Amino acid sequence: MDNVEYLDNLNAPQREAVMHTEGPALVIAGAGSGKTRVLTMRIAHLLDKGVRPWNILALTFTNKAAREMKERIARIVGDEKAGQLWMGTFHSIFARILRIEAEATGFAPTFSIYDTTDSKSLVRSIIKEMHLDDKEYKPSLVLGAISAAKNDLIMPAAYAHSTALTERDKASRRPKTAEIYMRYMRECRKANAMDFDDLLLYTNVLFRDRPDVLEKYQDRFRYVLVDEYQDTNMSQYLIVKKLVEKHRNLCVVGDDAQSIYSFRGAKIENILNFRNDYADYRLFKLEQNYRSTQNIVNVANGIIAHNRGQIQKTVFSENDEGSKVRVFRTASDFDEAMTVINDINRLRRNCGYAFSDFAILYRTNAQSRAFEDELRKCNMPYRIVGGQAFYQRKEIKDTLAYMRVAVNPNDSEALRRIINYPARGIGAGTVDKLTAAAAAADTSLWNVMAGGASLAQCGLNGPTTAKIARFCALCASMAAATRQLSAYEFAADVVSRSGIMQELAKGKDDGQEGKERIENVNELLNSIKDFTDTRIETGQPATIADYLEEVSLVTDLDSADNGDPNHITLMTIHSSKGLEFKNVYIVGVEEDIFPGQISATDPRAIEEERRLFYVAVTRAETNATISYTQSRFQYGKRVTCRPSRFVAELDERFVEMPGDRFATAARTQFRRPDDSARAFSFSRPDRTPAAPQRLRPVAKAATPPDTGRDQAGLCSVGAMVMHERFGQGIVRAIDGTGADTKLTIEFVSAGTKHLLVKFARLKLL
């Protein structure tokens, strides 16, 4: 590049962060402040200064982020230079290094990468072999303990000798966790497989035990950049620290106010203590929010101001002032869903928004049900983020397992998955015998199966031995094909020879699900074809091993939507990080839900929950709405709810709190159900800032009384009533007498309902 035109569109703090390239730098980037632009331009600037692309390492948390950054850089410096950058997720970059340095780690370069499903399956097998109760030793809990240990670089032997960890496991009634961890690591070794945590763990071990290898990569990566630094765990932190020891050109970008992944091992201390690690660091603050209105930014600032553990910054917006953040109080979870959906309809009708301009965010996945029900009733398109991912579908896992075994026959989890699929007469009892033989010989399942003569020692009869031999021959021939065919040619051959497509065709008549399974496998082949063509066109290797490497590193943060983009998005707040929508509804903001009951007594956990609330509000560009309900169904019964403490902390200057909704509804004579959200009584935004005030928590709602208590008063047209599910309404008509009296009630959110007095559980207002 001959000029620095790419710097022209940066504001002053962004430009400073981009141009200061030497030494350690911490860039604190508030929500919507353009951190991706800074990272991209900083790399472009390094290249413009003459730094060779392979001397730059950029680490991200999603493949999507890495891909977008590389595309932006390519538009500035060209495809050739951009293609030579070491840019990707922590896991993809260090998987690449571990394959290059495989000999030093004791793994073969073709090692498999286990996803969570594979890891749980292996843990479940070990629990079964040890004759442990899987109700006490739930695979997900055991795997969580193993993952946490790896992220803290605690190997099995150290785990077993840790009094704190073993006592914790005893208290949790899982005293054998250390032994399961030991066996798990041993089985992964035999299978020539690593899980996601291993990719970081073994990189740390490699750099610890081989100083020559560490120095090699220190010299290669003279400039290291890390995105979302607040989300790094101990393992990632130490790798980065080792890599930059020699040249110290480290730039980390992040926002401590958006540190919300402690359950994944993220350590907010990594960003808060950056100045302790690098005393000569430079601090840059990106405080201008380009995404949201002034009111939304002001509300977000007020939220995070309640946290003590943070790096101080003042985020501001020069966008329009915008509407105040609205708070909805509803009678029930059912009423909450109707209120939100009605409000979406109102905004679409009055402002011309598309469905894709709306997002409904909640603390836990279980909260989506009421909104899904209401959206289906209204025939409104929606998509839930966090549903079953494409690569986790059974038919896709089955197909990929054949390919994994062809590349790495020792991959025992993949082998177990396909050994009798499609059915070939090798049942579960046979697999158990083979697995026991492998354990006794301390070898892989494949080595036992391919051993031929040793099969008789497993107690298997002749016909079964012959079936195993035929299966091994199929796998061996596929393995040979991996060296001769492109990824797509190989995949098409596997689908044909394995019998998977024929098996799926048998279930085609079972309805839509059977057809979708076939379509999914065809879509997998399409993706492999696209991968192959792209690789060939760009001169990169296009083998099936390369494809499996790419697929194995797809994370839950890289969700892709291949359907109609015009839909309402439903997702947890954790899943929403990094996204933005014109209109955002944050629902279920109640004590024991947000924050959760477990967090309530832990100040540190409360601060993270508050950061999560901050993240939710800052996803909104134009309108942010917060809702809570006075009762909801939980564990099969209706419980009384109270608003979250976070609602009480909102700054009233920028918020419209709920007024007397029902009085407003009565005055307006109940507009049509699809316009009912207008019934909320909110004052017009006051342009003159009022004195700061804090809101008092709202008292618990009273439990609806027994039926019949106010029956006489209910039986009059115009009576105002409260229903535990439908909320507030007005009696429009009465039919019948006595126990059979039927009321026609027009509800604020639910529309018109016809209810029998004796069953309705109504309260007279």
Side-chain angles (χ1 to χ4, degrees), residues 7-18 27-41 68 72 253-258 284-305 310 312-327 343-344 346-348 350-361 568-569 573 576-586 611-626 649-657 682-690 692:
L7 298 176
D8 292 345
N9 294 325
L10 302 177
N11 63 32
Q14 289 173 337
R15 187 179 293 108
E16 289 179 21
V18 165
V27 181
I28 296 297
S33 63
K35 72 176 179 63
T36 303
R37 176 183 293 181
V38 167
L39 277 172
T40 301
M41 297 307 163
E68 289 178 352
R72 290 192 196 185
V253 181
D255 183 7
D256 56 292
Q258 297 185 66
F284 303 93
K285 294 183 180 180
L286 308 183
E287 297 174 301
Q288 182 171 356
N289 181 307
Y290 291 94
R291 174 190 302 154
S292 307
T293 63
Q294 293 180 36
N295 272 320
I296 291 173
V297 170
N298 288 336
V299 167
N301 284 342
I303 290 168
I304 205 64
Q310 61 175 302
Q312 293 299 324
K313 61 181 179 298
T314 304
V315 179
F316 66 95
S317 172
E318 294 183 354
N319 296 335
D320 292 340
E321 181 180 356
S323 302
K324 289 188 175 183
V325 171
R326 299 177 300 167
V327 178
D343 197 59
I344 290 174
R346 179 184 66 83
L347 286 174
R348 289 189 66 246
N350 294 347
C351 305
Y353 288 117
F355 287 116
S356 56
D357 292 328
F358 296 89
I360 300 172
L361 309 182
I568 298 167
T569 299
I573 302 170
S576 75
K577 187 166 174 290
L579 303 178
E580 56 188 40
F581 302 89
K582 287 186 172 61
N583 306 285
V584 170
Y585 295 84
I586 308 159
R611 292 194 295 269
L612 190 61
F613 191 39
Y614 173 86
V615 166
V617 171
T618 56
R619 297 312 93 199
E621 298 176 19
T622 307
N623 293 300
T625 303
I626 297 162
E649 292 173 356
L650 294 171
D651 191 326
E652 274 193 320
R653 292 175 297 170
F654 314 111
V655 177
E656 291 182 344
M657 292 297 292
F682 291 137
S683 60
R684 296 177 62 83
D686 186 352
R687 298 288 177 176
T688 305

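These numbers were taken from a predicted model, which means no experiment stands behind them. Excluded from the calculations below are hydrogen atoms, water molecules and symmetry mates; all remaining heavy atoms, backbone and side chain alike, are included.
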Give me the atom names and distance for the closest heavy-atom approach of Ser292 to Ala620.
OG-O, 2.6 Å

Which heavy atom of Ala17 sits nearest to which heavy atom of Val38, and what is that distance?
CB-CG1, 4.0 Å

Considering all heavy atoms, the nearest Leu361-Ala616 contact
CD1-O, 4.0 Å

Tyr614 OH to Ile573 CD1 distance, which is reported to the nearest 0.5 Å
14.5 Å

Tell me whether Arg291 contacts the main-chain N or O of Thr618 through its side chain, where contact means a donor paired with an acceptor under 3.5 Å.
yes

Keeping the roles fixed (side chain from Arg619, backbone from Leu579), state whether a donor-acceptor pair exists under 3.5 Å.
yes

For the pair Gln294 (side chain) and Phe316 (backbone), establish whether a donor and an acceptor sit closer than 3.5 Å, ignoring hydrogens and angles.
no

Examine distances only and state if a side-chain atom of Arg37 and a backbone atom of Leu10 form a donor-acceptor pair shorter than 3.5 Å.
no

Write down the atom of Arg348, the atom of Tyr353, and the distance for their closest heavy-atom approach.
NE-O, 3.4 Å

Verdict with supporting geometry, Arg72 and Thr36, side-chain contact (heavy atoms from CB on, under 4.5 Å)
CA-CA 10 Å; Arg72 290 192 196 185; Thr36 303; 3.8 Å; yes

Side-chain (Gln14) to main-chain (Ser33) donor-acceptor, under 3.5 angstrom
yes

Do the non-hydrogen side-chain atoms of Ile344 and Asn583 ever get within less than 4.5 Å of each other?
no

Indicate the atoms forming the closest heavy-atom contact of Ser317 with Asn289, along with that distance.
OG-O, 3.6 Å

Using modelled atom types and a 3.5 Å cut-off, is there a donor and acceptor pairing between side-chain atoms of Asn295 and backbone atoms of Gly322?
yes

Closest non-hydrogen contact found for Ile304 with Arg611 is CD1-CG, 3.8 Å

Would you give the length of the straight line joining atom CD1 of Ile296 to atom NZ of Lys324, rounded to the nearest 0.5 angstrom?
14.0 Å

In Å, rounded to the nearest 0.5 Å, how long is the span from CD of Glu318 to CG of Asn11?
9.0 Å

Any chance you could measure Leu650, atom CG, to Asn298, atom CG, to the nearest 0.5 Å?
12.5 Å

Mind checking the OG1-CG spacing from Thr569 to Asp357? Nearest 0.5 Å is all I need.
10.0 Å

Lys/Arg N to Asp/Glu carboxylate O, Asp343 vs Arg326, below 4.0 Å:
yes

Counting only heavy atoms not in Lys313 (residues, nucleotides, ligands), do more than 12 fall under 6.0 Å from its NZ?
yes

Where the side chain of Ser323 meets the backbone of Asn623, is there a donor-acceptor pair that is under 3.5 Å apart?
no

Could you tell me the separation between the CD atom of Gln312 and the NZ atom of Lys285, rounded to the nearest 0.5 Å?
7.5 Å

Quick one: sort the Phe358 and Tyr585 rings into parallel, tilted or perpendicular, breaks at 30° and 60°.
parallel

